[in-house]
Amino acid sequence: MSGILQILNNSFQTFLNQGDARVKDWPMMQTPFPGVAMIAAYIYFVKVAGPQYMKKRKPYDLRLVMAVYNFLLVFLNLGLFLGLGWYSYFNGYSLKCQPVDYSNKHEAVRLALFGYLFYLTKFIEFADTIFFVLRKKDNQISALHVIHHSIVPFSLWFGIKFAPGGYNTLFPFLNSFVHVIMYGYYGVAALGEKYKKYLIWKKYMTYIQLAQFVFVLIYAVSLYVNKCDISKAFIAMNFIHALLFFGLFLNFFVQNYIRKNNAKPNPTLVSSEKARVCSKNHSIETSDLEDSENGFTKQTVSEIELFNYRVKIHKCIKEEDCKLNCRSPMRSSVEESKSQNGYPETTKQKAQ
């Protein structure tokens with residue numbers, strides 16, 4: 001048994017020794033284990049420890065922290081995009097075939113360094129999910145979200161360790177630009193409800209993500225077709241990586257935009273009088289309505305009752321969710337039935 005372990009250890013060391021000598025002494029680059037340990041801790045926290053910790057606690061108000069965090073990542077990714085571009089595609093890098101420059105030239109080392117910094121930002125981005133946990137937004141911790149944050153830093157380690165630069169520059173170059181847009185959106189969203197009118201471009205972020213992976217897929221195929229003298233293993237890894245995330249983001253797009261837009265609301269309604277009774281039996285604190293991300297603030301009495309009814313009876317939060325998953329009265333239906341059923345007035349003055 002000890003002989004087998006020794007053989008495996010020697011093979012692993014041989015594998016590591018084939019890495020780029022320029023990066024071997026950089027933090028976390030000697031072996032993949034530090035990064036893997038951080039990924040494992042991240043998954044454990046967001047799926048197990050974090051939800052257990054928050055189970056009997058109120059959500060934290062992290063709007064200011066999130067705004068600072070998101071805008072910080074905007075500037076960080078913008079710097080990475082410009083730095084990666086300056087030492088590559090802004091200065092003559094070929095999209096047809098660009099082997100890795102393993103020399104100690106200033107440009108080659110700088111490009112490797114920017115790729116390494118891009119790798120480190122993937123661990124900073126774990127905070128995206130940690131914020132969801134601390135704000136008790138468990139519905140936003142999707143499989144796509146966790147898989148994306150787990151796989152990207154793992155695969156990037158191999159790119160930085162064995163081939164920093166050259167053809168491997170394309171993904172960090174594109175992704176850093178995409179993240180400038182994405183974190184800009186999240187930063188504006190974190191500023192509060194009054195800025196919501198500027199967030200009409202959410203759907204287009206998914207278009208950009210999909211376009212990014214399509215470009216990487218085409219690029220990987222072109223490298224193989226053009227018989228570029230680079231590692232076929234990395235071409236295959238880049239292709240599989242892009243294909244996986246293209247499939248995940250496409251599924252997300254279909255589920256959240258195409259199917260929801262095509263779904264027809266269920267006209268079957270219960271009476272508003274019954275809604276009022278049910279809402280009284282299942283009331284919640286009005287402070288729970290302070291959720292700018294879902295479009296709710298403290299509302300009038302009738303709107304609070306309607307919200308309680310949707311959540312407690314039909315298990316949906318947003319009004320558009322009611323079109324798909326439940327049969328609660330939409331606001332327009334309630335307005336139409338007020339005069340007939342004695343539903344409370346909606347204006348704040350009349351509610352008071």
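Note that this is a predicted model, so its numbers are computed, not measured.
- Proximity of a side-chain donor or acceptor of Gln98 to a complementary backbone N or O of Ser94 within less than 3.5 Å is detected.
- Side-chain rings of Tyr224 and Phe239 stay apart, their centers remaining 6.0 Å or farther from each other.
- The aromatic rings of His145 and His149 are tilted relative to each other, their planes meeting at an angle between 30° and 60°.
- In this structure, Lys24 contributes its side chain and Gly19 its backbone to no donor-acceptor pair below 3.5 Å.
- One hydrophobic cluster, built from ILVMFWY side chains closer than 4.5 Å, holds both Val214 and Phe249.
- Between the side chains of Tyr185 and Asn70, no donor-acceptor pair of N or O atoms lies under 3.5 Å.
- Expressed to the nearest 0.5 Å, how far NE2 of His148 lies from CG of Asp128 amounts to 8.5 Å.
- Contact record, Lys47 with Val146: CD-CG2, 4.4 Å, taken as the closest heavy-atom pair.
- Residue Met28 holds its CE atom at 3.5 Å from CZ of Phe123, rounded to the nearest 0.5 Å.
- Under the 3.5 Å distance criterion, with hydrogens and angles disregarded, no donor-acceptor pair is assigned to the side chains of Asn77 and Asn175.
- Atom CZ of Phe126 has more than 12 neighbouring heavy atoms from other residues, nucleotides or ligands inside a 6.0 Å radius.
- In this structure, Phe213 CZ and Leu244 CG are separated by 8.5 Å, a value rounded to the nearest 0.5 Å.
- Tyr89 and Thr169 share no side-chain donor-acceptor pair at under 3.5 Å.
- The aromatic rings of His179 and Tyr183 lie perpendicular to each other, with more than 60° between the two planes, well past the 30° mark.
- Taken together through direct or relayed side-chain contacts under 4.5 Å among Ile, Leu, Val, Met, Phe, Trp and Tyr, Leu95 and Phe81 form part of one hydrophobic cluster.
- Without hydrogens or angle criteria, Asn168 side chain to Ala163 main chain gives a donor-acceptor distance under 3.5 Å.
- Within the 3.5 Å criterion, the main-chain N or O of Gly247 finds no donor-acceptor partner in the side chain of Asn251.
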Problem set entry | Audit row: Ile230, Val100, side-chain contact (heavy atoms from CB on, under 4.5 Å) steps and yes/no | CA-CA 8 Å; Ile230 58 179; Val100 178; 6.0 Å; no
Problem set entry | Candidate pair Phe246 and Gln212, rule side-chain contact (heavy atoms from CB on, under 4.5 Å), full reasoning | CA-CA 9 Å; Phe246 175 78; Gln212 166 192 214; over 6 Å; no
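- Atom CE of residue Met66 and atom CG of residue Leu191 lie 10.5 Å apart, to the nearest 0.5 angstrom.
- Here the side chain of Asn226 pairs no donor or acceptor atom with the backbone of Cys228 at under 3.5 angstrom.
- Each of Tyr87, Tyr93, Phe118, Phe90 was scored for a ring pair (Phe, Tyr, Trp, His ring centres under 6.0 Å) with Phe173, with one residue passing: Phe90.
- Atom CD1 of residue Ile208 and atom OH of residue Tyr204 lie 10.5 Å apart, to the nearest 0.5 angstrom.
- Around the NZ atom of Lys232, the shell of radius 6.0 Å holds more than 12 heavy atoms that belong to other residues, nucleotides or ligands.
- The nearest pair of heavy atoms linking Leu243 to Leu217 is N-CD2, 3.6 Å.
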Problem set entry | Criterion side chain to side chain donor-acceptor pair (under 3.5 Å) on Thr129 and Tyr42, from CA distance to verdict | CA-CA 9 Å; Thr129 326; Tyr42 158 77; 2.7 Å; yes
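- Closest approach of Thr121 to Leu80, counting heavy atoms only: CG2-CD1, 3.8 Å.
- Cluster annotation: Phe75 is not connected to Leu84 through the hydrophobic network of ILVMFWY side chains, with a link wherever side-chain heavy atoms come within less than 4.5 Å.
- Remark: Phe215 CZ is loosely packed, at most 12 non-hydrogen atoms of other residues, nucleotides or ligands lying under 6.0 Å away.
- A donor-acceptor pair is defined here as one N or O able to donate and one able to accept, closer than 3.5 Å; no such pair exists between the side chain of Lys137 and the backbone of Phe131.
- Ile43 has its side chain within reach of Ile39: a pair of non-hydrogen atoms, C-beta onward, lies under 4.5 Å apart.
- Taking the six-membered ring where tryptophan is involved, the planes of Tyr116 and Tyr119 are tilted, since the angle between them lies from 30° to 60°.
- Judged by distance alone, the side chain of Arg110 and the main-chain N or O of Lys105 form no donor-acceptor pair under 3.5 Å.
- Separation of atoms NE2 (His241) and CZ (Phe234) is listed at 12.0 Å; rounding is to 0.5 Å.
- Put simply, the side chain of Leu76 reaches to within 4.5 Å of the side chain of Ile124, judged on heavy atoms.
- A salt bridge between Glu125 and Lys122 is present, with a side-chain N of the basic residue lying under 4.0 Å from a carboxylate O of the acidic one.
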Exercise. Given the rule in the side-chain contact (heavy atoms from CB on, under 4.5 Å) test, do Phe245 and Val216 qualify, once you have shown the distances and angles that lead to the verdict?
Worked result: CA-CA 11 Å; Phe245 285 112; Val216 174; over 6 Å; no
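- Without hydrogens or angle criteria, Trp157 side chain to Val36 main chain gives no donor-acceptor distance under 3.5 Å.
- Heavy-atom neighbours of Asn91 CG from other residues, nucleotides or ligands within 6.0 Å: above the threshold of 12.
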Exercise. For Leu16 and Gln30, what are the C-alpha separation, side-chain angles and deciding distance, and is it a side-chain contact (heavy atoms from CB on, under 4.5 Å)?
Worked result: CA-CA 8 Å; Leu16 294 177; Gln30 288 79 17; over 6 Å; no
